[in-house]
Amino acid sequence: MADNNRPGAIRKKKRAPLKGTGGHGRRSLEGKGPTPKAEDRPYHKAYKTKKAAARNQQRGAQPRQQRLGGKRTSEELVTGRNAVLEALRTDIPAKHIYVMANIEQDDRVKEILATVAHRDIPALEITRSEIDRLTEGAVHQGLALQIPPYKYPDAGDLTSTILEKWHAGEMAQPPLFVALDGITDPRNLGAIIRSVSAFSGHAVIVPERRAAGVTASAWKTSAGAVSRVPVAKATNLNRTIGQLKDQGVFVVGLDGDGDVELPDLDLATEPLCMVVGSEGKGLSRLTAEKCDQVVSIPIDSAMESLNASLAAGIALYEVSRLRRSVGGD
């Protein structure tokens with residue numbers, strides 16, 4: 001046992017027993033609950049943005065647009081002087097036009113500015129660096145036209161409405177629909193829409209997935225026909241085709257390996273849905289099985305296949321010709 005009384009020994013001081021808080025510190029040990037969202041924390045930037053948006057809404061103001069250098073939304077931009085001018089000439093819908101500050105005004109720019117002024121399209125002047133970021137490196141030549149997203153009607157609702165008009169005697173020709181199976185190039189879509197408009201078609205049907213949509217490129221290629229021919233979306237193309245058949249519509253597929261050549265098409269004068277496959281793969285197997293006839297266009301053996309939009313245009317012309325001949329026009 002150590003002798004704490006010997007000279008030089010260090011004595012240890014006994015600590016007094018600790019006193020309790022009597023429960024007064026219990027609250028400090030409790031959690032403060034889940035962390036609030038960023039938009040609910042007054043010191044956070046998201047909170048200020050939320051408050052500013054609420055004030056703008058109360059005043060009836062439009063929400064502030066995304067920063068020019070940020071990621072674009074689903075809205076499309078038509079860029080370049082020729083492209084913008086062609087789009088405006090075909091009455092493409094437009095929200096506003098971005099014009100680079102101090103842009104050199106040639107005849108195209110003058111016509112563009114006159115057109116947007118006539119149509120009351122807002123013109124927004126921005127710097128070169130801003131329009132470079134906005135167009136993500138595309139050749140813009142100081143101009144970018146923004147168009148809103150296309151509003152697709154439901155394929156079932158649209159076709160049913162058209163068929164009702166036909167049965168009520170409100171249409172001179174039987175319904176003619178064009179469904180696209182595997183068309184992924186918006187320029188092909190635009191060209192097909194243009195042919196549908198030229199040969200008295202009533203609607204274009206595109207699948208919801210893995211298919212081209214109505215973009216700025218499709219608008220341009222259609223030469224404004226998108227404003228005259230509705231483009232509907234089908235959640236399931238084969239199901240939509242089945243519904244059309246149940247409503248008395250004949251379905252004809254276009255394929256290079258078809259069992260009927262186009263001049264022998266005998267369903268042209270009936271309510272018709274023409275299905276156009278992709279240029280490389282043609283019609284999918286399930287879609288081809290649902291067709292009443294699979295039609296091919298006779299071509300020179302040296303040519304493997306026709307472009308999808310060209311094939312659709314030829315077939316639509318033949319349908320239109322046969323309908324006119326039966327009608328006595």
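All values below come from the heavy atoms of this structure, side chains included, with hydrogens, waters and symmetry mates left out.
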Can you check whether [Y]'s main-chain N or O pairs, donor with acceptor, with [X]'s side chain at less than 3.5 Å?
{"X": "E130", "Y": "T127", "answer": "yes"}
{"X": "D185", "Y": "A212", "answer": "no"}
{"X": "Y152", "Y": "V214", "answer": "yes"}
{"X": "Y150", "Y": "V231", "answer": "yes"}
{"X": "S160", "Y": "D157", "answer": "no"}
{"X": "T221", "Y": "A218", "answer": "no"}
{"X": "R228", "Y": "S197", "answer": "no"}
{"X": "S320", "Y": "L316", "answer": "no"}

Start with the C-alpha gap between L134 and Y98, add the side-chain angles, then the distance that decides, and say whether side chain to side chain contact (heavy atoms under 4.5 Å, CB included) holds.
CA-CA 9 Å; L134 181 69; Y98 295 102; 3.2 Å; yes

Just how far is it from atom [atom1] of [X] to atom [atom2] of [Y], taken to the nearest 0.5 Å?
{"X": "M100", "Y": "R128", "atom1": "CE", "atom2": "CZ", "value": "4.0 Å"}
{"X": "D181", "Y": "K290", "atom1": "CG", "atom2": "NZ", "value": "12.5 Å"}
{"X": "S296", "Y": "D255", "atom1": "OG", "atom2": "CG", "value": "8.5 Å"}
{"X": "Q173", "Y": "L272", "atom1": "CD", "atom2": "CG", "value": "12.0 Å"}
{"X": "R324", "Y": "T269", "atom1": "CZ", "atom2": "OG1", "value": "14.0 Å"}
{"X": "I192", "Y": "L180", "atom1": "CD1", "atom2": "CG", "value": "4.5 Å"}

Min side-chain heavy-atom separation [X]-[Y] under 4.5 Å:
{"X": "T115", "Y": "H118", "result": "no"}
{"X": "D292", "Y": "K245", "result": "yes"}
{"X": "I162", "Y": "F177", "result": "yes"}
{"X": "L85", "Y": "R89", "result": "yes"}
{"X": "M171", "Y": "H202", "result": "yes"}
{"X": "V260", "Y": "V294", "result": "no"}
{"X": "V295", "Y": "E261", "result": "no"}
{"X": "L88", "Y": "I121", "result": "yes"}

Check the hydrophobic clustering (I, L, V, M, F, W, Y; side-chain heavy atoms under 4.5 Å; chains of links allowed) and say if [X] and [Y] are grouped together.
{"X": "V319", "Y": "I193", "result": "yes"}
{"X": "L244", "Y": "F250", "result": "no"}
{"X": "V196", "Y": "I297", "result": "yes"}
{"X": "M274", "Y": "L158", "result": "no"}
{"X": "V276", "Y": "I299", "result": "yes"}

Assess, by modelled atom type and distance only, whether the side chains of T215 and S217 contain a donor and an acceptor separated by less than 3.5 Å.
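Side chains of T215 and S217: no pair found under 3.5 Å.
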
Can you tell me if Q293 and D266 form a side-chain donor-acceptor pair at under 3.5 Å?
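Judged by distance alone, the side chains do pair up.
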
Apply side chain to side chain contact (heavy atoms under 4.5 Å, CB included) to the pair L113 and V99, showing each step before the final yes or no.
CA-CA 9 Å; L113 296 179; V99 182; 4.2 Å; yes

Residue pair [X] / [Y]: nearest heavy atoms and the distance that separates them:
{"X": "S284", "Y": "T287", "result": "OG-OG1, 2.8 Å"}
{"X": "A308", "Y": "N188", "result": "CB-ND2, 4.5 Å"}
{"X": "L145", "Y": "A94", "result": "CD1-CB, 3.7 Å"}
{"X": "T79", "Y": "A138", "result": "OG1-CB, 4.1 Å"}
{"X": "V78", "Y": "A216", "result": "CG2-CB, 3.5 Å"}
{"X": "A311", "Y": "L254", "result": "O-CD1, 3.8 Å"}

Neighbour count >12 (heavy atoms, 6.0 Å) for atom [atom1], [X]:
{"X": "R81", "atom1": "CZ", "result": "yes"}
{"X": "E170", "atom1": "CD", "result": "yes"}
{"X": "R187", "atom1": "CZ", "result": "no"}
{"X": "N102", "atom1": "CG", "result": "no"}
{"X": "D107", "atom1": "CG", "result": "no"}

May I have the step-by-step check of side chain to side chain contact (heavy atoms under 4.5 Å, CB included) for V206 and L189, ending in yes or no?
CA-CA 9 Å; V206 296; L189 171 61; 4.1 Å; yes

Run the side chain to side chain contact (heavy atoms under 4.5 Å, CB included) test on S227 and W219 for me, step by step, so that the C-alpha distance in whole Å, both residues' side-chain angles and the decisive distance to 0.1 Å come before the verdict.
CA-CA 9 Å; S227 61; W219 262 102; 4.0 Å; yes

In this structure, which one of V275, L237, V178 forms a side-chain contact (heavy atoms from CB on, under 4.5 Å) with I205?
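Of the listed residues V275, L237, V178, the side-chain contact (heavy atoms from CB on, under 4.5 Å) partner of I205 is L237.
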
Please determine whether a side-chain nitrogen of the Lys or Arg among R321 and E318 lies less than 4.0 Å from a carboxylate oxygen of the Asp or Glu.
yes

